[in-house]
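Notes follow once the structure below has been shown.
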There are 2 protein chains.
Amino acid sequence: MSYATQVIAASLRAARTAKGLSQRDLSALAGIPQAQISRIEAGTVDPRVTSLIAMANALDLELTLVPRKAVPAVKSIVRQSGGQADPTRGPSQKEITRIAETLSRLQVAMPNLDGVMRLQKTFADLQRFQLPTIEPETLRALRKALERIEVPSFQIEALTRSQDAMQKLRNQLAHQPFVPPEDASPRPAYSLDEDDA
Amino acid sequence: MSYATQVIAASLRAARTAKGLSQRDLSALAGIPQAQISRIEAGTVDPRVTSLIAMANALDLELTLVPRKAVPAVKSIVRQSGGQADPTRGPSQKEITRIAETLSRLQVAMPNLDGVMRLQKTFADLQRFQLPTIEPETLRALRKALERIEVPSFQIEALTRSQDAMQKLRNQLAHQPFVPPEDASPRPAYSLDEDDA
DNA sequence: TATCATGATGCACAATTCTACATCGTCCAG
DNA sequence: CTGGACGATGTAGAATTGTGCATCATGATA
């Protein structure tokens, strides 16, 4: 397939995962068999336009024709508004709620360990910001670390690991555009640097 | 076919004609049989993505995915830059050169008729501006009128018609954005009003 | 009138998508 | 380790595009 085709396919997959949808979810939304979606995303087929449009629409996207000379401008616009999709849903969302669960469970299970309380607090703090835009791996790592605290023999080691993970999270948030909790702020165009689809 | 498909098809046709290309021209550029281009533009088939991309590329367009919420912004950008395509080529270009030809031919054939000289002058004047963006019909009308001047029995009537046509041209240019001869000026976004694809 | 360019359409055949269903390997959770 | 979710892949058959070639109708031109 052509390069441009691959780009579109990749964009569709990115959009889907960004929304936390499985291929089967999208299949239901777009009315296209999961197998076909897999093939399209993988770029092993040359899809019909209706297929693309069905998928795009299901993902709140539109297939448009843009003059070459306008492409850069359009891209920067797309970054601003389309960059992080819905702030609420996302692939990391599951992780986040699970972390919250584990954390509160820990808190009631061992109210004496004050390290846990600190973690709880800082996490509750962070949670009000950009967490859904963090890579799921990072979140997974944090959760894993937290879960090991429940195993007595690993408590101290697991606690420091948890604090490390939490620190990492903080760092990631640190050099992000920093978008305040609610309402989309303008956010200057010159702060954009990323460049995927 | 879906509505969105029709829109894309129509856009492609618009882009092609805007560039003054025939389906056979595009066929050569895009490597797709003319018959197929006809069917695609007519919306009687559900094209493969590669076909769309081939056509788009040949027309200096790109097929992109745009988040729904960013669509309005993108559209306005596209208007600004994509609005009038290449200033040099266009469907009206042929007419323009032909007008120039007829006009200079007239000028040498009948140097005594000073009305012709005035037309010549004002046209040469206008030609340095936005002529390619004028509808071909208007230009055709002007040319037709000019050609009839060569027929003696119609001279006076044809001359006034020509002046009318020239006037119409002037008017059209009058309430256009007025872009000076060279280098794209910023042109404020609030002056946009058109709204097709 | 005759010619030419353009776009639309028909037809047969090859090529490929699309569908439905099944299945498989992996990762993760209970 | 058993089960579930997920994505990838296979297969057979139906549906449709894509191609090549021919043709036609129209409008403009000489």
Side-chain angles (χ1 to χ4, degrees), chain A residues 1-2 5 8-10 12-14 16-17 19-55 91-95 97-99 101-102 105 136-137 139-141 143-144 146-148 150, chain B residues 1-2 5 8-10 12-14 16-17 19-55 91-92 94-95 97-99 101-102 105 136-137 139-141 143-144 146-148 150-151:
Chain A
M1 303 299 105
S2 76
T5 303
I8 290 186
L12 282 176
R13 166 167 293 175
R16 176 178 62 79
T17 60
K19 275 187 177 299
L21 297 176
S22 72
Q23 289 184 346
R24 287 183 171 84
D25 292 335
L26 181 56
S27 168
L29 290 176
I32 295 177
Q34 175 266 327
Q36 194 61 11
I37 291 183
S38 171
R39 288 183 250 260
I40 291 177
E41 285 186 353
T44 56
V45 294
D46 182 1
R48 309 232 160 105
V49 194
T50 50
S51 302
L52 275 199
I53 291 179
M55 289 177 64
S92 317
Q93 195 57 45
K94 294 177 184 173
E95 283 298 336
T97 52
R98 296 192 56 175
I99 288 180
E101 285 170 9
T102 333
R105 174 157 39 99
E137 333 156 358
L139 295 171
R140 271 188 55 77
R143 180 170 61 83
K144 287 295 183 185
L146 288 174
E147 281 171 353
R148 295 192 55 168
E150 293 172 313
Chain B
M1 299 301 105
S2 76
T5 303
I8 290 186
L12 282 176
R13 166 166 292 176
R16 175 177 62 80
T17 60
K19 276 186 175 301
L21 296 176
S22 71
Q23 288 184 346
R24 286 182 173 82
D25 292 336
L26 181 56
S27 167
L29 290 176
I32 295 177
Q34 175 266 326
Q36 192 62 11
I37 291 183
S38 172
R39 289 183 249 261
I40 290 176
E41 285 186 352
T44 57
V45 293
D46 182 2
R48 307 234 160 103
V49 194
T50 51
S51 302
L52 276 198
I53 292 179
M55 289 177 65
S92 316
K94 294 177 184 174
E95 283 299 334
T97 53
R98 296 191 58 174
I99 287 181
E101 284 170 9
T102 334
R105 172 156 41 97
E137 332 156 358
L139 295 171
R140 269 188 59 77
R143 179 171 62 84
K144 287 293 183 188
L146 288 174
E147 281 171 354
R148 297 191 54 167
E150 291 172 312
V151 182

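Keep in mind the model is a prediction, meaning the values are calculated, not measured. We name chains A, B, ... by the order of the sequence lines, and we start the count at 1 in each one. What's counted below: heavy atoms across the whole structure, side chains too, no hydrogens, waters or symmetry copies.
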Does B/Arg16 place a side-chain N or O at less than 4.0 Å from the phosphate oxygens OP1/OP2 of C/dG7? yes

Rounded to whole Å, please give me the gap between CD1 in A/Ile37 and P in D/dG7. 10 Å

Exercise: identify the closest heavy-atom pair between B/Ala14 and B/Thr17: O-OG1, 3.0 Å

Taking every heavy atom of B/Ser51 against every heavy atom of B/Ile32, the minimum-distance pair comes out as O-CD1, 3.6 Å

A/Leu26 CG to D/dA8 P, in whole Å, measures 13 Å

According to the side-chain hydrogen bond (donor to acceptor under 3.5 Å, both in side chains) rule, which pairs have a member within residues 28-40 of chain A, sequence neighbours left out? A/Gln23-A/Gln34

Could you tell me the separation between the CD1 atom of B/Ile37 and the OG atom of B/Ser22, rounded to the nearest 0.5 Å? 8.5 Å

In a check of side chain to side chain contact (heavy atoms under 4.5 Å, CB included) between B/Arg16 and each of B/Leu21, B/Asp25, B/Leu29, which one passes? B/Leu21

In 5'-to-3' order, the base (B), backbone-only (S) or no-contact (-) status of each nucleotide in nucleotides 20-30 of chain D, using a 4.0 angstrom heavy-atom cut-off, is BB-------SS

One pair to check against side chain to side chain contact (heavy atoms under 4.5 Å, CB included): B/Leu26 and B/Leu12. What are the steps and the verdict? CA-CA 11 Å; B/Leu26 181 56; B/Leu12 282 176; over 6 Å; no

Between B/Asp46 and A/Thr50, is there a donor-acceptor pair closer than 3.5 Å when you use the side chain of the first and the backbone of the second? yes

Which residues pass the side chain to side chain contact (heavy atoms under 4.5 Å, CB included) test with B/Ala9, not counting sequence neighbours? none

Quickly work out the A/Ile32 CD1 to C/dA20 P distance and round it to whole Å. 11 Å

Side-chain N or O of B/Gln36 less than 4.0 angstrom from OP1 or OP2 on D/dG18? yes

Roughly how many Å is it from CE in B/Met55 to C1' in C/dG7, rounded to a whole number? 13 Å

B/Arg48, nearest nucleotide to its side chain (from D/dA8, C/dC18, D/dT16): D/dT16

D/dT17 OP1/OP2 closer than 4.0 Å to side-chain N/O of B/Ser51: no

Any idea which of D/dT9, C/dC18, D/dT19 is nearest the A/Ser38 side chain? D/dT9

Residues at least two apart in sequence or cross-chain that pass salt bridge (charged side-chain N to carboxylate O under 4.0 Å, His left out) with A/Arg13, listed by chain then number, are A/Glu41

Calculate the interatomic distance between A/Ile40 atom CD1 and C/dT17 atom C1'; express it in whole Å. 9 Å

When the distance from CD of A/Glu41 to P of C/dC18 is rounded to whole Å, what number comes out? 14 Å

Per the end-axis method with five pairs at each terminus, what is the bend angle of the helix from C/dT1-D/dA30 to C/dC28-D/dG3, to 10°? 30°

